[in-house]
Amino acid sequence: MTLKLALIRHGKTFGNTQGRYIGTTDEPLCQEGIDALQEKAADYPAAEIVFSSPMKRCVQTAEILYPALEPYVLADFRECDFGEFENKNYKELSGNPAYQAWIDSGGTMAFPGGESREQVTERTVRAFRQMLEVCRERQATQAALVAHGGTIMTIMEQFARPKRDYYDWQVKNGCGFLTEVKKEDESITISVIAGISP
């Protein structure tokens, strides 16, 4: 199967404006985030199905960008659990030995009291395969996924070609990638068509 897929990071939240690690905190979009999405909603790629993380900020974004579509929510597309770092920013974590250890690891070690990269990758890949199966069943050729920065980075690190590092796939709020996904048996390959920037 071949699918044109827009991978879109949710709009801005209050925590995002303060540089906080917002994972399990289920905060909605802030007014600035809502306004920015509404202003450019018509410019986003077309979709026959829109998938979403269960978090409010993603569902809201999906509803603003694709008002005619009911978001298809997959729980495993939720953001990483940042554990002890949740809802804090780097200033508040400065001097925290656990945070320094995480920084020194290049962001690869598990979050204290939270998830490891491996755990996030496992569930994200599971959800991505489930999403592709839904598209196949519905014979969709265009879809959108509204999720989190970490979710998009994980998907792209696993499947995008040419291969790039996890942190090379960072995207800002409301931005992302328009891609072509090819699935043959168990093999999945993602090619970037264009960047999405409102």
Side-chain angles (χ1 to χ4, degrees), residues 4-93 107 111 114-115 120 123-124 127-128 130-131 134-135 140 142-157 166-179 192 194-198:
K4 194 172 279 188
L5 176 67
L7 292 163
I8 303 164
R9 185 183 174 196
H10 62 80
K12 198 171 284 187
T13 70
F14 180 68
N16 293 150
T17 66
Q18 298 191 326
R20 297 185 180 280
Y21 289 94
I22 304 295
T24 57
T25 304
D26 198 12
E27 65 177 16
L29 298 176
C30 63
Q31 193 59 50
E32 179 188 345
I34 292 169
D35 292 344
L37 291 171
Q38 287 177 335
E39 186 181 337
K40 299 288 187 176
D43 298 337
Y44 281 81
E48 298 159 57
I49 312 175
V50 59
F51 296 87
S52 176
S53 152
M55 309 305 279
K56 287 176 189 170
R57 54 196 183 270
C58 294
V59 174
Q60 275 186 289
T61 299
E63 289 173 343
I64 291 169
L65 299 184
Y66 299 96
L69 300 173
E70 176 78 23
Y72 191 115
V73 174
L74 290 171
D76 281 336
F77 278 141
R78 67 191 180 277
E79 179 61 290
C80 175
D81 181 347
F82 293 119
E84 293 175 17
F85 304 161
E86 180 69 30
N87 213 6
K88 296 182 172 73
N89 61 28
Y90 73 95
K91 289 181 183 176
E92 293 164 342
L93 290 164
F111 292 99
E115 285 183 289
V120 173
R123 65 172 170 78
T124 302
F128 192 72
Q130 190 178 346
M131 184 195 77
V134 171
C135 289
Q142 294 179 303
L145 168 59
V146 179
H148 309 271
T151 310
I152 293 170
M153 290 156 71
T154 299
I155 291 168
M156 296 302 281
E157 181 193 36
Y166 176 81
Y167 286 105
D168 289 337
W169 296 108
Q170 291 184 74
V171 288
K172 295 179 180 178
N173 294 106
C175 298
F177 305 100
L178 178 60
T179 70
V192 177
I196 296 172
S197 181

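Distance check: Cys175 SG to Gln170 CD gives 12.5 Å after rounding to the nearest 0.5 Å. Note that the NZ atom of Lys172 and the OG atom of Ser197 stand 8.0 Å from one another [nearest 0.5 Å]. Rounding to the nearest 0.5 Å gives a distance of 8.5 Å between NE2 of His10 and OG1 of Thr151. Between the CD1 atom of Ile49 and the CE atom of Met131 there is a distance of 9.0 Å, given to the nearest 0.5 Å. Rounding to the nearest 0.5 Å places CD1 of Ile22 at 14.5 Å from CZ of Phe85. Note that OG1 of Thr13 and CD of Gln18 are 9.0 Å apart. Values are rounded to the nearest 0.5 Å.
When all heavy atoms are compared, the tightest approach of Arg9 to Asn16 is NH2-ND2, 3.8 Å. When all heavy atoms of Ala147 and Ser53 are compared, the pair lying nearest together is CA-CB, 4.4 Å. When all heavy atoms are compared, the tightest approach of Ser52 to Ala62 is CB-CB, 4.5 Å.
Scored by the side-chain contact (heavy atoms from CB on, under 4.5 Å) test, Gln130 finds Leu74 as partners (sequence neighbours excluded). Contacts of Glu70 classified as side-chain contact (heavy atoms from CB on, under 4.5 Å), with partners at least two apart in sequence or in another chain: none. Listed by chain and residue number, Lys12 satisfy the salt bridge (Lys or Arg N to Asp or Glu O under 4.0 Å) test with Glu32 (two or more places apart in sequence, or in another chain). Looking at residues two or more places apart in sequence or on another chain, you find a salt bridge (Lys or Arg N to Asp or Glu O under 4.0 Å) between Glu92 and Arg20. Scanning for side-chain contact (heavy atoms from CB on, under 4.5 Å) contacts around Asp76 gives Arg78, Arg123, Arg126, Ala127, with sequence neighbours left out.
Here the side chains of Leu37 and Leu29 are in contact, with some heavy-atom distance below 4.5 Å. Here the side chains of Met153 and Tyr167 are in contact, with some heavy-atom distance below 4.5 Å. A heavy-atom distance below 4.5 Å is found between the side chains of Leu5 and Phe128. Looking at heavy atoms from C-beta onward, Thr24 lies out of side-chain contact with Glu79 at the 4.5 angstrom threshold. Side chains of Val146 and Pro71 form no contact here, defined as non-hydrogen atoms less than 4.5 Å apart. Counting heavy atoms from C-beta on, the side chains of Leu145 and Ile8 never come closer than 4.5 Å. In this structure the side chain of His148 never reaches within 4.5 angstrom of the side chain of Val120, judged on heavy atoms. Side-chain contact between Lys4 and Pro45 is absent, with no heavy atoms from C-beta onward closer than 4.5 Å.
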Original post:
When you look at Cys30 and Thr17, which way does the side chain to side chain contact (heavy atoms under 4.5 Å, CB included) test go after all the steps?
Top reply: CA-CA 9 Å; Cys30 63; Thr17 66; 4.2 Å; yes
**OP:** Would you sort out whether Met156 and Val171 count as a side chain to side chain contact (heavy atoms under 4.5 Å, CB included), showing the intermediate values?
**Re:** CA-CA 11 Å; Met156 296 302 281; Val171 288; over 6 Å; no
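At least one donor-acceptor pair under 3.5 Å links the side chain of Asp26 to the backbone N or O of Lys56. For Gln142 (side chain) and Glu48 (main-chain N/O), no donor-acceptor pair under 3.5 Å exists by modelled atom type.
Side-chain N/O atoms of Glu86 and Thr25 include a donor and acceptor closer than 3.5 Å.
Applying the 6.0 Å contact sphere to CZ of Phe14 captures no more than 12 heavy atoms from other residues, nucleotides or ligands.
The list of ring pair (Phe, Tyr, Trp, His ring centres under 6.0 Å) pairs with a residue in residues 43-77, not counting sequence neighbours, reads Phe51-Tyr72.
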